[in-house]
Amino acid sequence: MIEFAQPAALWTSLAIGLPLLAHMAYRRVTEKFYFPSLRFIRPSQIPRTGKRRPSDIPLLLLRILLFLIISALLADPYWKSETLPIVENQRDEVFLAIDLSPSMAGWNGLEEAKEKALAIIKEEKGKVGLVTFGHSTLEKIDIGQENLSSKIENLTHDWTRGNAQVMLDRVSSMFTENATSRKLIILSDFQQSDWQTAYTNLDELGISYELVKVGQTNAMEGRRANNISIMEARAVPAGPDKIRIWSVVRNWDDVNKTIDVELIAGEKVKASESVSISPLGSAQVQFVLKEGDFSEAVLRLAQSDEFGLDNERVVWLKAPPARRFGFWMPELEDDETDEEKSFLKTAVASAGDNGWNRWELDQDQADGLRLGDDQLNVEILMVLAVGRWFEEEQLGKPLKDFLNKGGVVLTTPGEPFSSSVSVLKSNDLLEYNFVRVAGGAARTRNPFRIGALPEDSKLADVFAGKSARDLYLSAIHKFGILKAGADTGNTEVPLRDREGRPLVLVKNFDEGGKFVFLPFRMNTGWTDLPLRNSFLPLLMELTQGKESQQTSRAWPILEPGEDLVGNQGHFRAVEPGAYRYENQWIEVVLSPAECTPATLSLNEISESFGGDITGSKVHPQDQSKSEEENNPLWMWFAIAAAILLTIEMIWSRPNSTPSPQTDPIHA
Amino acid sequence: MAASVDQNLLDPAHLHRIEDYSLLARVVVDGAMPGIHRSLRQGRGSEFYQYRPYTRGEDLKLVDWKVFAKRDELVSKTFQESTNFTVCLVMDVSASMGYEGKRASCSKLRYASMLAACFSYLAHRQGDRLGLFAYSDEVKEWIRPRAGSGQLNRIYSALHGLEAQGVNAHDFGWDRMVSGLPGRAMVVFLSDFLEAEDSLAEKLRFSLSSRYETLCLQVLDPDEIDLPEADALRFAELEGNREVSTSPPAIREKYKNEMAGFVEDLDEKLSAVSAELETLITNQDLGYALRRFLGMRNRK
């Protein structure tokens, strides 16, 4: 049914008398009557005798209707749904929103929130519901539940980083449609990291709110005092058979603090160190342990403070697994192949850093792969002296399976060169044709050189200056000349000689796999490249696989609430600690953002809510303005008024009179 | 019945529907008023008129021998004889002539044009030379007097093109017209002569000469005689910007008296210069004006 938001404006409907009067008194003397000469026409008084009865009834009715619509328009009409709430079920509704973010565990925040919540429940008597919120979880207990008090008493803090927006986004759906007033009481420490991005306009939603700040022990200017946090902890190798446990401790107070940091391994305090930390500053603490004695250790602050969750940190002491590589070679090894293997093994093994990022030869894994075991974890497979043996052992299929799973294969040719090419072509690994072996007959005096790298190539980014010079001075005495076939597919040529002939072919596979073919052997008979400084970076650039396929160089560190996807599922981090999942060693640490003692003022929070700290009760008529229940009709009335006005103007326009100046009379 | 038909043929309410002035003139002159003009003077004029059977005794120069060769029949050609008399029609086409009241069947300009067409036809039938001068604040049309049917068509065509437009400037128009008048002529003025009584006598002084006949036909709308029927009107001048709001019933009597005085004054001043004035109302039939025209023409 139609209702009006401003019914007083309906008094303007009395103005319908205006068109009636105008209609009765109207005299059409505004029209011009063109006449040949006004010489003998004198002005006279025009009789003002109005009409006793309206003559143009439809026009009069139209004008009255127009005035009625305009007055209704001024009264702001809206359509109210027939499904109005039953008056008997209407009630005031109050919801308590209790912040359970980890920061509430400090400064007695959660306990204070519980006390205040229980006091409010006692005061409001059965009109209160409860909602608790953390990062993404929202638990709601509807109004009228009897066990509300016991639920509140048993509340514990969450470990996931807080996010108040989750609660604010759903706040309007908490209240029922029958509510005569809606009130939200938020009990929180309003910690900066949890609340700084929260925003909603509760006034627009018709919800009044009250902010109750808890956990403000020793608070000054929005900062809470007496908190020291272990912000970071890592275990790294420290020379032979030793591990360094390194940590960063932060003092959040504006006074100097001295604190003892303990290292606990095997449930015993293995070491302790006292550090003095400047105001709002950090200090590093390091401990050294023998490698292999313990798999995990705990770093702990000896003195307690207001926020205890960040006083302890668990670290794994085990090294992450090395990245593995292996070889496939013919059964009957020759000197050239041995030399080649030796060069490549030394180069790849030395490609890691001095830390826990290592490359390790794992020939067993490579042999397992050769036998068709596809569960093995080899990142680079080097197939040396490809020839008939490769085809006889039917290694094409396992190799392609490996490539399709994202593996990287480095291949060198065997003797004769043409045989290697034909084997690779028959296995769809190479789309190039063999031409001849350059420099094969005798060692030439002038070796072949690597041509200039194109400016837009990836290798040009790596090799610049001295390293590029070293690469360009590499001498290649012998190499197989290959010519591109009809369809080279996904094959790239990152390196060519000075005459543009391919020196490296790289075929890319969809899953990130990479097949690298060098048309020369990695020994001094063919090239001096393995002896040069540029060999190792060139080799690692050519064999760099897809990012996601590489084994991570450190153990994953998660925050509570985050997931780690494994091969057979995913690991959900819940509480801080050290965990094992599949072949991963995982550290779960408290979000550093929760450690900060800074909080937002109530004024800042209320600005984010678009109103005062304590909103007034929402009146039923205000509530009826919400768009969900009422459809405003002013636009339809405006359209109707415009149409009627147009009709009225057309209808009542003066009859056109001849204007001789513009429309001459024809004879 | 015949009389009724004749009267209808002269009624402007019927005539104004005929677009073609040639047809209109023939309908009026030949259809409604047969015999009112003198028969055509046939003789040795320059313009071929018709063939007729040769009668013994006629000059053999008149026989058309080409026709005899084709049809073996003697026919003689007759020619229209010129009278050496000029009829000059002077039309006011200012904006005020475009007025058409509710009681009139056509505008004043249309009424004047119908009369001019009929006069032209009558004059042509009598072998007179014929001219047309139309003006408002500038010369709109000036067809110098000539004889012949081609001239008649030119005048009909010019009448078609006339439009009531501009402010009347009688002094200017008459000066231009008088300077082009030939000797021995009949000048017919068709105008409402509004605001013209003061300068009229001076400008028509040429009428005093015995060589000229001047007929002033004042064309008025019935509304101009006794004002339109309405309680109140906001009058606006057709040829100016003046406006007057008034109640016609309140001023009607005074207006009629002043209008009659104006016409009387005009008549007196024209009589003083030997010009004759006739006032025609646009719902009045054309017969009276035609007779008046012929009466004056045949006096010569």
Side-chain angles (χ1 to χ4, degrees), chain A residues 17-64 645 647-667, chain B residues 21 91 93-101 106-114 116 134 158-166 168 192 194-195 220-221 223-224 227-228 230-240 242-251 254-259 261-262:
Chain A
L18 294 176
L20 198 61
L21 288 173
H23 207 83
M24 300 291 278
Y26 178 69
R27 296 201 60 78
R28 190 173 291 185
V29 291
T30 53
E31 278 181 41
K32 282 184 181 179
F33 185 87
Y34 287 97
F35 202 65
S37 172
L38 304 188
R39 186 175 171 187
F40 305 123
I41 294 178
R42 306 277 180 264
S44 71
Q45 190 172 10
I46 296 171
R48 294 287 175 188
T49 52
K51 301 169 190 174
R52 289 179 183 175
R53 291 171 57 193
S55 56
D56 206 345
I57 298 295
L59 181 61
L60 176 62
L61 292 176
L62 179 80
R63 285 172 174 164
I64 290 172
L645 185 63
I647 294 171
E648 195 275 340
M649 288 173 75
I650 293 170
W651 199 342
S652 62
R653 69 175 174 179
N655 294 326
S656 57
T657 52
S659 172
Q661 282 79 7
T662 55
D663 188 17
I665 305 295
H666 201 280
Chain B
Y21 281 115
M91 289 187 68
V93 292
S94 62
S96 63
M97 289 293 285
Y99 181 76
E100 180 183 345
C106 60
S107 71
K108 295 196 291 180
L109 178 60
R110 171 70 175 165
Y111 189 87
S113 297
M114 289 194 293
L159 290 174
H160 259 299
L162 293 179
E163 290 176 352
Q165 214 173 11
N168 70 45
D192 48 16
L194 296 173
E195 323 277 348
L220 295 176
D221 190 271
D223 285 351
E224 289 178 282
L227 290 179
D231 288 347
L233 285 174
R234 182 177 158 206
F235 287 96
E237 218 168 22
L238 273 168
E239 294 182 20
R242 282 178 60 211
E243 291 182 9
V244 175
S245 291
T246 190
S247 172
I251 63 166
K254 194 173 180 186
Y255 176 86
K256 282 164 73 175
N257 291 337
E258 286 183 340
M259 194 67 187
F262 160 67

Engineer: Do the side chains of A/F40 and B/K254 get nearer than 4.5 Å, heavy atoms only?
Structural biologist: no
Engineer: Do B/Y99 and A/F35 have ring centres separated by under 6.0 Å?
Structural biologist: yes
Engineer: Using heavy-atom distances under 4.5 Å, tell me whether B/P249 contacts chain A through its side chain, its backbone, both, or neither.
Structural biologist: neither
Engineer: Closest approach of B/L194 and A/P36, non-hydrogen atoms and distance?
Structural biologist: CD1-CB, 3.8 Å
Engineer: Evaluate the side chain to side chain contact (heavy atoms under 4.5 Å, CB included) criterion for residues B/F235 and A/K32: first the C-alpha distance (whole Å), next the side-chain angles of each, then the deciding distance (0.1 Å), finally the verdict.
Structural biologist: CA-CA 6 Å; B/F235 287 96; A/K32 282 184 181 179; over 6 Å; no
Engineer: At their closest point, which heavy atom of A/S44 faces which heavy atom of B/T246, and how far apart are they?
Structural biologist: OG-OG1, 2.7 Å
Engineer: Pick from B/D192, B/D223, B/L220: which one has the most heavy-atom pairs with chain A under 4.5 Å?
Structural biologist: B/D223
Engineer: If every non-hydrogen atom of B/E237 is compared with every non-hydrogen atom of A/Y34, which pair is closest and at what distance?
Structural biologist: O-CD2, 4.1 Å
Engineer: Between CZ of B/R242 and CD1 of A/I41, what distance do you get to the nearest 0.5 Å?
Structural biologist: 8.5 Å
Engineer: Could you go step by step and tell me if A/R42 and B/E258 meet the salt bridge (Lys or Arg N to Asp or Glu O under 4.0 Å) rule?
Structural biologist: CA-CA 11 Å; A/R42 306 277 180 264; B/E258 286 183 340; 3.5 Å; yes
Engineer: Hey, what do you get for OG (A/S37) to CD (B/E239), rounding to the nearest 0.5 Å?
Structural biologist: 8.5 Å
